[in-house]
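Have a look at the structure below, then the notes.
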Amino acid sequence: MRTFAFVLAVLVLAPAAARGALFPGQRLEADYRAALTSWARGDDDGAIAAVAGLAIRAEEQGQTARFEKARRAVARQLGRRQPDAYLAISRFETLVYQAQVGARQPHLALASRLLAAEVAEEHGDGGGAARSEAAAMVLGSLAAHLHLAAQEGAASDLYQRALALDPRQAAARLGLSALREKRGEYSAVVDLLSGLPEVPGGREGRLRLAINLLRVGRRVEGEAELVALSGEGTDWVRSVAAQELARLLVDRGQTDAAAAVLGAAAAALPCDSSLPVQAALLAERSGSDLPLDLASISDCGEASIAPRARYARAPGGEVRALRQRLEAAEGGWRTALGMALRAAEG
Amino acid sequence: VTVWFSRPPRGAARGRSWQVARVVALVALLLAPAALLAADAAARPYAGLSLAEALADLQGRGLKVIYSEELVRPEMRVVEEPRAAWLHDVLAELLAQHGLAARVGPGGSLLVVRAGPAPVEVRLLRPLPGDVTAGEIEVVAEVTSSEPIAWVDVFVNGWPAARLRSPPWVAIVTVPDEPGPCRFSVVARSTTGGRGSATVATQRVVLEERVDVSLRQVHVAVTRSRGSSPLRREDFRLYDGGELQQIASFSRGDVPLSALLLIDASESMRGETLQAAFSAARDFISRLAPDDEAAVMVFADRLLSLTPFGPPEPGLLEGVEHTPAAGGTALNDHVYAALRLLDGRPGRRVVVLLSDGADVVSALSTEDLMWKVRRTDATLYWLRLSGMGDGWSFMSAWRDAAGNQHETEGLVAAVEESGGRVESLERPGDLPASLTDLLNELREQYVLGYYPNDLRGDGSWRPVGVGVNVPGVRVRYRNGWVDRP
């Protein structure tokens, strides 16, 4: 009778076990590993689609939490074998996150984003400056992505976590300072961008520091930096520096000096409409009449972004540099992931 | 969708193979829609790559991009990371960085072509550099292009002066009475969007004497019950600096308009709102009288398009009404520029602002704007499209919430100071009716002229008051003016 009952149980349960119904966690882990294997082999689209599809299926079956747990378990398992596998998984989950956001699935994307940050930190916490720096790179890049998408709370949190791992990362420092500035925390911006051997972010960082030095009452330092930035270059930084310096000079009654600053910048940046507008008003207020040459500005087309709008956006140059470094490192991380997967399989 | 198994099925058992095949089919079915969605959206970082590498990646993602090495050269690199989510938009952004564009080719392919059409060459034949110019002069240009020319704009000192639509490219323009050299610019556009321009600077004749005309005009908008008889000169009381003035001239509704339509094309206006704004602008222009004149300025955080002042023809919006929405809003800068454009224009000067937003990135403040409003006789109207409401506040890199609120209130104050009004619209569809009301209001305005008693020219503010001795009548007018030197 016992034997009969056992055989009956085996007959009933075996197909379900084969489909993973009895051990869904293991099945999800296996599917996730399969997707990671695809990605490690370079099939980005297939791997991302597979995880996105698994997330949808898990949600439909009420197994979202189980799927997240399975992803964490696989990440830890692989990360213990090859620490760089953490970074690879973090990078992969960032791509999954971007795909899910693009597919308007923010609730699913959140899990990918949190996992991407978590496994990167797990790598960074493993010790060693190189590991911290690499983990901070992944976090900084993800933060910049969120910053551009106007998810400022999450971006701020990730920038801080990146800086905790690598205080030298310019992209995170600059990004966080931009967010702090928007919240009116000007002293925090000054703290973030000063006291280092070099102002992070080059001209962009120096401009942000200068403007916030003025806001916290350190006029001499701020003005000196604006003078330097407004006198050189043909970038948007020069335009904003010239505008702010001119405003400062006008406040002090030095209208001729202000006009000269604006004129020089306008000559260097002929497609910038804000400089001649400000110069025209300044001239009008001073009793002279400076023609406002809108013909040439209108002729410049619609491609450029206004300098003051550019200042208000997420940092550009440092983030580009960060992403280039990420891309350069990504190949090695994928290899590590592949090795970890093979070791786990064996 | 590629599905890869870490453990391929062993053995040749038929039932198991069938089961595996079913699983494969099920997974493929489940993943296919997600893959289609994600494939379009999963933009990878392209900045730093060569343009050819980026295009190859897009080809790999399913875009049938066809290009020649002559156009996509190996040294071309992706400078700015594309921000778009969809592959076609990503492609457009990548190409735009190098003056290229994609056109749909056979079989749905995307051909990479030069964005800029054939060049347009412009040569100014008259005046010549260094000529002495004064009064009305003839500007003669020679325009050559392999493509038809859509129009030629003539600017004097940066101000639009004429638009020509067919050769000969000759315009009669007035040299402004201003110190310093005078700059004549001619900008030509081909029908495919090609541009060319030429500029010359001339010397100006300096006028030794100047005669100030001291007649001032006050435009009075009147609200009263429908069907009431028109008001008469003796119904009005006009005060300047608190002193009752003698009304020297009196007219109603027959003053030609110089109207500048200022259209906000920032990101928040994207879609239906911006289309409604352009449509309403077209309707507004069509309702102007033949002796009125109009110009259109489209802006966001920067100037996007500008037409010269011209007769109210339907073609006035040509070339600007397809301006795509993008970027933030610089209201103060562009309202100031609009007021400057209207300085010296004939007739009743009006700026009609169609915008849903608040100023985010202007270099000028509303204090600057107020300064200008008090020194011009142009009237501002702001048709405030659905967007931010009165209690809405926001923080930005340039101002905190209180600062931004102050700017919004400042703009409203400047509009009211000019004698105009702010009208908040619930829906973009309300725009045509509002513009019609506005035009009727302008046509119905009374114009009171007077000679101020004691012109001082000391830059002081002279408050103006208008009263009407007819019950049930409300009046709106500019509250004063600056006695300029």
Side-chain angles (χ1 to χ4, degrees), chain A residues 18 30 33-34 37-38 41 43-46 48-50 52-53 56-57 95 98-103 148 178 181-184 243 273-275 277-278 280-281 284-285 287-289 291-299 302-306 308-309 311-312 316 319-320 323-324 326-327 345, chain B residues 1-6 19 27 30-31 34-35 37-45 47-48 61 81 83 85 96 153 155 157-160 178 183 185 187 195 197 301-306 323-324 326-328 330 333 336-337 340-341 360-361 363-364 368 371-372 395-398 400 485:
Chain A
R33 265 197 298 272
T37 307
S38 296
R41 290 178 172 192
D43 178 14
D44 288 25
D45 291 350
I48 292 165
I56 292 170
R57 194 173 65 185
L95 297 175
Q98 290 172 355
Q100 287 167 324
V101 168
L148 276 171
E181 182 178 34
K182 196 172 170 188
R183 283 161 48 176
Q243 290 169 34
S273 61
S274 50
L275 287 165
V277 165
Q278 195 178 355
L281 176 80
E284 201 179 353
R285 293 192 81 151
S288 57
D289 194 10
L292 180 56
D293 189 354
L294 296 175
S296 58
I297 295 164
S298 176
D299 203 28
E302 297 146 11
S304 57
I305 300 166
R308 296 177 79 83
Y311 178 86
V319 171
R320 274 196 295 279
R323 289 195 173 140
Q324 280 167 4
L326 265 182
E327 272 176 34
E345 219 177 288
Chain B
V1 176
T2 305
V3 181
W4 188 85
F5 286 89
S6 59
Q19 198 173 17
V27 169
L30 281 168
L31 298 189
L37 283 171
D40 214 7
R44 293 198 315 191
R61 285 158 187 258
E81 191 61 48
R83 293 164 58 83
D153 287 338
F155 296 82
N157 279 345
W159 303 105
E178 293 165 347
R183 214 164 46 261
S185 302
V187 180
R195 285 164 181 259
S197 61
D301 49 33
R302 59 203 178 280
L303 177 65
L304 297 177
S305 304
L306 172 66
T323 307
D333 288 0
Y336 171 76
R340 282 290 303 257
L341 274 177
V360 182
V361 292
L364 306 190
D368 294 325
W371 184 91
K372 177 63 183 169
M395 291 185 288
S396 66
W398 292 107
D400 58 15

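Below, each value reflects all heavy atoms present in this structure, side chains not excepted, and no hydrogens, waters or symmetry copies. Lettering follows sequence order; numbering is per chain, from 1.
- A donor-acceptor contact shorter than 3.5 Å links the side chain of B:Trp398 to the backbone of A:Arg308.
- Per-residue counts of heavy-atom pairs under 4.5 Å with chain B were compared for A:Ala309, A:Ala312, A:Gly184; the largest is that of A:Ala309.
- Contact detail for B:Arg302 and A:Ala306: the closest heavy-atom pair is CD-N, 4.0 Å.
- Smallest separation of non-hydrogen atoms from B:Gly48 and A:Gln324: CA-NE2, 3.2 Å.
- Between A:Gln243 and B:Ala363, the shortest heavy-atom contact is OE1-CB, 3.6 Å.
- When the candidates A:Glu181, A:Arg323, A:Arg285 are compared by the number of heavy-atom contacts under 4.5 Å with chain B, A:Arg285 comes out ahead.
- Annotation: side chain to side chain donor-acceptor pair (under 3.5 Å) contacts of B:Arg83 (sequence neighbours excluded): none.
- For B:Ala96, no part lies near chain A; criterion is any non-hydrogen pair under 4.5 Å.
- Scanning for side chain to side chain donor-acceptor pair (under 3.5 Å) contacts around A:Arg33 gives A:Gln77, with sequence neighbours left out.
- Here the closest heavy-atom approach between residue B:Leu364 and residue A:Gln278 is recorded as CD2-CA, 3.9 Å.
- Between A:Glu284 and B:Lys372, at least one side-chain N (NZ, or NE/NH1/NH2) sits under 4.0 Å from a carboxylate O, which counts as a salt bridge.
- Looking only at side-chain heavy atoms (C-beta outward), A:Leu281 and B:Trp371 come within less than 4.5 Å of each other.
- For A:Ala178, no part lies near chain B; criterion is any non-hydrogen pair under 4.5 Å.
- Note that CG of B:Asp301 is 8.0 Å distant from OG of A:Ser273, once rounded to the nearest 0.5 Å.
- The distance from atom OG of B:Ser396 to atom CZ of A:Arg183, rounded to the nearest 0.5 Å, is 14.5 Å.
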